[in-house]
There are 2 protein chains.
Amino acid sequence: MDDLDVQDDSRKFKRESAEFRREALILATLNLIAVMGVRGATVREIAARANVTQGLIRHYFSSKEELVQAAYEHHMNTLTDQTAASSGMGNAVSRLTNFVDASLRPPIVDPSAVALWASFLNKVQHDPKMQRIHQQTYNYFRDHLEKLIVAALQETGRSVAASEATQLAIACNAVIDGLWLEGGALPDAFSEGQLAQIGLNSVSAIVGIPLTKEVEQP
Amino acid sequence: MDDLDVQDDSRKFKRESAEFRREALILATLNLIAVMGVRGATVREIAARANVTQGLIRHYFSSKEELVQAAYEHHMNTLTDQTAASSGMGNAVSRLTNFVDASLRPPIVDPSAVALWASFLNKVQHDPKMQRIHQQTYNYFRDHLEKLIVAALQETGRSVAASEATQLAIACNAVIDGLWLEGGALPDAFSEGQLAQIGLNSVSAIVGIPLTKEVEQP
DNA sequence: CTCGCAATTATGCAAGTGTATAATAACTTC
DNA sequence: GAAGTTATTATACACTTGCATAATTGCGAG
């Protein structure tokens with residue numbers, strides 16, 4: 001008599017697509033790095049968490065180094081995709097508002113995300129390939145912010161020199177990064193929405209445009 | 001015939017004071033953690049860098065864990081001491097100015113310092129003792145900043161509610177942290193003094209007080 | 001159905017890890 | 001200057017690490 005489902009198959013393992021396995025390994029790696037750091041995420045534990053044996057890692061990645069790089073790229077892409085998605089529509093001021101707001105709420109603000117970022121920093125500072133990914137992400141984020149700022153200023157009838165716009169973007173980026181960091185490092189130190197509120201106030205002050213997020217159900 | 005100095009002593013080692021050895025071990029630990037991360041800083045390499053053999057570590061610290069905690073405490077104390085020293089004199093506005101300025105220049109802004117901070121973050125999030133040290137440092141820094149802000153506002157004839165002052169301190173702290181982070185993570189992305197300048201502009205905007213650092217040789 | 005390929009597991013190894021214990025030798029004290 | 005204390009070194013051990021290689025086995029092609 002069979003079991004009710006396919007859970008207990010007589011097969012010793014299942015052949016999955018390369019994409020599936022790579023993603024599973026990368027996610028397992030990220031989970032472990034967030035808790036244990038890069039060096040603490042051992043190939044054995046990564047394999048266990050991805051429900052495979054350790055030998056399989058070498059089948060998809062030529063070394064642990066390569067797996068870590070892939071995981072870093074994945075993490076950064078996830079972060080940027082999530083934030084960029086929040087500033088898609090509306091006028092320039094509200095796009096900027098939404099961008100700042102989304103950057104300072106879950107899932108962007110998250111202890112694991114900050115822990116991951118911190119764990120990777122060592123590698124970033126020494127491995128050129130990691131450095132490239134880092135630069136790329138940072139520039140993408142800051143350029144996006146700069147465009148939003150310029151558009152918002154233009155919309156409110158002001159205009160700024162390019163160099164000044166960059167300075168503003170750096171400053172706003174720093175506030176966001178700093179709040180993001182503190183929200184992730186000290187999760188219980190801030191109430192819900194507090195970081196976003198402080199972020200909006202600060203960006204408003206720096207750029208000189210009042211940014212207010214409408215509260216739902218007025 | 002003797003050598004000219006005591007360099008090549010026949011003694012196999014020298015007995016140093018406990019303080020000397022503890023400090024040497026802690027500094028060696030910090031150096032290594034900045035480059036390799038906590039897990040990469042092995043007891044053997046730490047000992048080698050402190051010019052002792054590895055057994056001695058266990059003589060001064062009951063475990064590597066304890067050494068790492070001591071190193072973290074040392075690092076954080078160094079950072080806070082260095083910044084606090086910069087806001088000792090002058091009127092309230094210039095004390096605030098100097099504090100922000102000093103926080104965004106070497107030796108506070110420094111790739112190694114940021115790398116260290118990042119390396120410790122994992123441990124901070126999981127080890128209660130490390131967490132205590134972290135909270136303590138963060139609160140100390142932020143309270144200091146808040147006092148400076150309140151004093152500066154008072155000096156310019158304004159006053160704020162306590163809760164609002166805290167919000168301002170959080171925001172300014174975030175700008176400083178964010179700029180500190182980026183300056184350390186991307187050392188070549190900013191010119192000398194640029195971070196400090198942006199920081200002063202941002203804090204000025206947030207708090208609503210113009211802060212200007214006098215340039216020497218006017 | 002079975003054959004062959006490659007995805008997956010199983011096993012092994014050399015180097016590195018923290019820690020424990022024993023042996024040595026530098027300095028203090030009388 | 002001899003003896004005792006203890007800072008320091010030397011050695012050993014059990015365990016983990018990443019990686020390599022061989023042995024399986026699922027699964028599609030013919």
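Chain letters run A, B, ... following the sequence lines, proteins first and then strands; every chain starts at 1. Both backbone and side-chain heavy atoms feed into the values below; hydrogens, waters and symmetry mates do not. These numbers come from a predicted model, not from an experiment.
Donor-acceptor pairing under 3.5 Å is recorded for the side chains of S119(A) and N122(B). Residues T78(A) and D81(A) have side chains that never bring a donor and an acceptor to within less than 3.5 angstrom of each other. In summary, the side chains of N139(B) and Q135(B) do present a donor paired with an acceptor at a separation below 3.5 Å, with no hydrogens or angles considered.
Less than 4.0 Å separates DNA chain D from at least one heavy atom of each of the following residues of residues 17-26 of chain B: R21(B).
Atom CD in E66(B) sits about 15 Å away from atom P in dG18(C), given to the nearest Å. If you take CG of L56(B) and P of dT11(D), they are 17 Å apart, rounded to a whole angstrom. The distance between atom CD1 of I57(B) and atom P of dG18(C), rounded to the nearest whole Å, is 8 Å. When rounded to the nearest whole Å, the span between CG of L67(B) and C1' of dG18(C) equals 12 Å.
The closest donor-acceptor contact from the side chain of S94(B) to the backbone of T97(B) lies at 3.5 Å or more, if one exists at all. Looking only at distances, a side-chain donor or acceptor of W180(A) sits under 3.5 Å from a matching main-chain atom of I108(A).
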Open item on the list: Counting primed atoms plus P, OP1 and OP2 as sugar-phosphate and everything else as base, spell out the protein contacts along nucleotides 18-30 of chain D at 4.0 Å heavy-atom distance: B, S or - for each nucleotide, 5' to 3'.
Closed with: BBS----SBS---
Can you name the atoms? Protein N/O to nucleotides 28-30 of chain C N/O, anything below 3.5 Å, with the distance.
none

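Note on Y60(B): only backbone sugar-phosphate atoms sit closer than 4.0 angstrom, heavy atoms only; bases stay farther off.
Applying side chain to side chain contact (heavy atoms under 4.5 Å, CB included) to L32(B) and the options L27(B), V38(B), I46(B) leaves one that passes, I46(B).
Every salt bridge (charged side-chain N to carboxylate O under 4.0 Å, His left out) that E65(B) has, sequence neighbours left out, goes to K123(B). Residues passing the side-chain contact (heavy atoms from CB on, under 4.5 Å) test with A185(A), sequence neighbours excluded: L121(B), H134(B). Here F141(A) pairs with F99(A) under the ring-ring contact (aromatic ring centres under 6.0 Å, His included) rule; sequence neighbours left out.
Taking only side-chain nitrogens and oxygens, H59(A) never comes nearer than 4.0 Å to OP1 or OP2 of dT8(C).
When side chains are defined from C-beta on, I57(B) does not count as touching K64(B), because their heavy atoms never get closer than 4.5 Å. The side-chain heavy atoms of V160(B) and I149(B), taken from C-beta on, include no pair separated by under 4.5 Å.
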